[in-house]
Protein chains: 2
Amino acid sequence: MKHAPLIAQNHTRCADCPIRHKAVCAYCEPPELAKLDAMKSYRTYQAGETIVWAGEEIEVLGSVVSGVATLSRTLPDGRRQMVGLLLPSDFVGRPGRRTAPYDVVAANEVMICQFIKPQFEKLVSNTPALERRLLDMTLDELDAAREWMLLLGRKTAREKIASLLVIIARREAALNGTTIGDGLRFVLPLTREAMSDYLGLTIETVSRQISALKKSGVIVLEDARHIRVPDYVALLDEAGDDSDGGFIS
Amino acid sequence: MKHAPLIAQNHTRCADCPIRHKAVCAYCEPPELAKLDAMKSYRTYQAGETIVWAGEEIEVLGSVVSGVATLSRTLPDGRRQMVGLLLPSDFVGRPGRRTAPYDVVAANEVMICQFIKPQFEKLVSNTPALERRLLDMTLDELDAAREWMLLLGRKTAREKIASLLVIIARREAALNGTTIGDGLRFVLPLTREAMSDYLGLTIETVSRQISALKKSGVIVLEDARHIRVPDYVALLDEAGDDSDGGFIS
DNA sequence: TTCTGACCTTGATCGAGATCAATCAAACGG
DNA sequence: CCGTTTGATTGATCTCGATCAAGGTCAGAA
């Protein structure tokens, strides 16, 4: 199945996909790649559609090709906390695990390049480099989750918003290979509600703090979803720390 | 070096250590075990001593044998968030990573069974089962971290305290093989300050909420560190969710 | 024995963010 | 074209947990 132009940067593998699979491409050797190609298929999910239900059997295993998916946990009374965000090239599902510990929901229309689970798992256990790659990715996610714990436990609402903006800007820049600097423009891929679920705030607080950052000139709101950052360092400063802002994927 | 009696439950390997190494024992085969034994050494750290500094080279790689260590991140202005707790049998350090993303600090006197880093890493890359084991452990930690994100972002102070008590009770029970039920007694291995760092609260709020739980009869405080739980289900109920309460290790 | 310092508890007050409520703007289907 | 829906903003008020402040308890040192 052909569907989109190739944007791969460091290699020309997985030519069908417009993204580099974080999980596999970097380590694919030609024989493995052929096997991966043979088990690939594509599926799209509508905005709001649940891709994987918490507690249920995991069936999806693959990479996000386009769109944004979220990972979230919910308390019995409905309080919800997002625990991860999946952007293009991020891996969905966990080889070797039977059930998912949280919901995976499409934030907008999401296309996933999916592998056949038993085949992929067999490939993983026969390919030490691939297993190693999965370990590295998981360690990255763990670091990002812990970074986010600092945000949830100790940052103010304003710092939380600024941190999220920095993180989204970084990820968008990484995706399309642009650099970050003054005058930076980007699109928020999340609604105010999704942002509030991510930051442990309410919609109203998110809206108010975005307005406040706008009022102080740290950001320019072209419309609710389009943000411009006249002075990138000022935004970083609002985020409260100088870390590289790990991102939950 | 001999130092403590063997308490291993499912196997009799790593006989020197009074704990089962979560990271390696479950997968050690005799030839690997011999190599591990050859690279083992023990080291103790005083309460409050920093075992690994955030950002610095990781030198320690091993398992906690006794005591409690904490993982924490700090904002430039001093706000601190604990992001993990290491109890006996938990693994310290990350093979394949050069620097630590957070401080590892001894909460009380901690003994660590330490491996020589390059040797251990070499063993890992030659032993797929060991690598697999590390991936599984990391996935567990990731799940626990995300569970904790739900707590930090969405639970009330009272729910946070109850959740922490449940988690500590579970881990203590798992360690010494006892079962959990009504009349359960356990020791808090953390000061109020460490609890507040873990829960994203202040010391005063921790103290007040513990008093409140005591006043409502959910727990009995024998002294500041010794807790008895007359009705375990009531405590679970206070924690706000029925999940298995992942724990950051 | 008293002194000292670490740790914990409790009270009074404050304030950031939640909650409740109204309004607005853009998209969409009739 | 207008009515409805969905998402965002803004205002008024309330509340939970932070902050400021005072004591209490206990182990170890003098």
Side-chain angles (χ1 to χ4, degrees), chain A residues 46-48 68 70 75 77-81 107-109 151-165 187-216 219-227 238 240, chain B residues 46-48 68 75 77-81 106-109 151-165 187-216 219-227 238 240:
Chain A
Q46 298 310 308
V68 177
T70 66
L75 252 15
D77 63 4
R79 283 174 285 172
R80 175 173 315 155
Q81 177 65 48
N108 10 72
E109 188 176 291
L151 176 144
L152 289 171
R154 295 301 187 194
K155 288 193 180 178
T156 66
R158 187 177 173 114
E159 288 168 335
K160 286 178 176 181
I161 297 287
S163 301
L164 181 59
L165 295 183
V187 180
L188 283 175
L190 302 173
T191 65
R192 297 290 187 266
E193 184 177 28
M195 292 174 71
S196 70
D197 282 344
Y198 207 179
L199 300 170
L201 299 169
T202 58
I203 311 185
E204 295 95 325
T205 300
V206 169
S207 186
R208 269 187 258 271
Q209 294 300 331
I210 288 181
S211 299
L213 285 173
K214 172 178 140 197
K215 198 163 293 171
S216 14
I219 59 173
V220 177
L221 266 187
E222 307 187 336
D223 69 49
R225 294 294 195 102
H226 292 79
I227 300 227
E238 294 284 349
Chain B
Q46 298 312 307
V68 177
L75 252 16
D77 63 5
R79 282 174 285 173
R80 176 173 316 157
Q81 177 64 48
N108 13 69
E109 187 176 292
L151 177 144
L152 289 172
R154 295 302 187 194
K155 288 192 180 178
T156 64
R158 187 176 173 114
E159 290 168 335
K160 286 178 176 182
I161 297 287
S163 302
L164 181 58
L165 295 183
V187 180
L188 283 175
L190 302 173
T191 64
R192 298 289 186 265
E193 184 178 27
M195 292 174 71
S196 70
D197 282 344
Y198 207 178
L199 299 170
L201 298 170
T202 58
I203 311 184
E204 296 95 324
T205 300
V206 168
S207 186
R208 268 187 259 272
Q209 294 301 331
I210 288 181
S211 299
L213 285 172
K214 172 179 140 196
K215 198 163 292 172
S216 15
I219 60 173
V220 177
L221 265 188
E222 307 187 335
D223 68 50
R225 294 295 194 97
H226 292 79
I227 300 226
E238 294 283 350

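Chain naming here is simple, since letters A, B, ... match the order of the sequence lines and numbering starts at 1 in each.
Within 4.0 Å of B:G200, counting heavy atoms only, lie sugar-phosphate atoms of the nucleic acid but no base atom.
Distances were taken from every side-chain heavy atom of A:E204 (C-beta onward) to each of D:dG17, C:dC20, C:dG17; the shortest belongs to C:dC20. Distances from the side chain of B:L201 to the nucleotides C:dA18, C:dC8, D:dG17 place D:dG17 closest. Comparing D:dG17, C:dA18, D:dA8 against the side chain of A:R225 picks out D:dA8 as the nearest. Looking at the side chain of A:T202, the nearest of the listed nucleotides D:dG17, C:dT19, C:dC8 is C:dT19. Of the candidate nucleotides C:dA18, C:dC8, D:dA8, C:dC8 has the atom lying nearest to any side-chain atom of B:A224. When each of D:dA8, D:dT9, D:dA18 is scored by its nearest atom to the side-chain atoms of A:L221, the top-ranked nucleotide is D:dT9. Candidate nucleotides C:dT9, D:dA8, D:dG17 were compared by shortest atom distance to the side chain of A:S207, and D:dA8 ranks first. When each of D:dG17, D:dT9, C:dC8 is scored by its nearest atom to the side-chain atoms of A:S211, the top-ranked nucleotide is D:dT9.
Rounded to whole angstrom, the span from the CZ atom of A:R208 across to the P atom of D:dT13 amounts to 13 Å. Whole-Å rounding puts the B:H226 NE2 to C:dC8 C1' distance at 16 Å. Rounded to an integer number of Å, the gap from CG of B:L213 to C1' of C:dT10 is 16 Å. As a whole-Å value, the separation of B:M195 CE from C:dC7 C1' is 13 Å.
Checking B:R158 against A:I210, the closest nucleotide of DNA chain D that is more toward the 5' end is the one next to A:I210.
A:R158 and A:S216 share a side-chain donor-acceptor pair at under 3.5 Å.
Between B:L221 and B:I227, some side-chain heavy-atom pair lies under the 4.5 Å cut-off. The shortest distance between side-chain heavy atoms of A:L75 and B:K155 falls below 4.5 Å.
Remark: B:L165 CG to B:K160 NZ distance equals 14.0 Å, nearest 0.5 Å.
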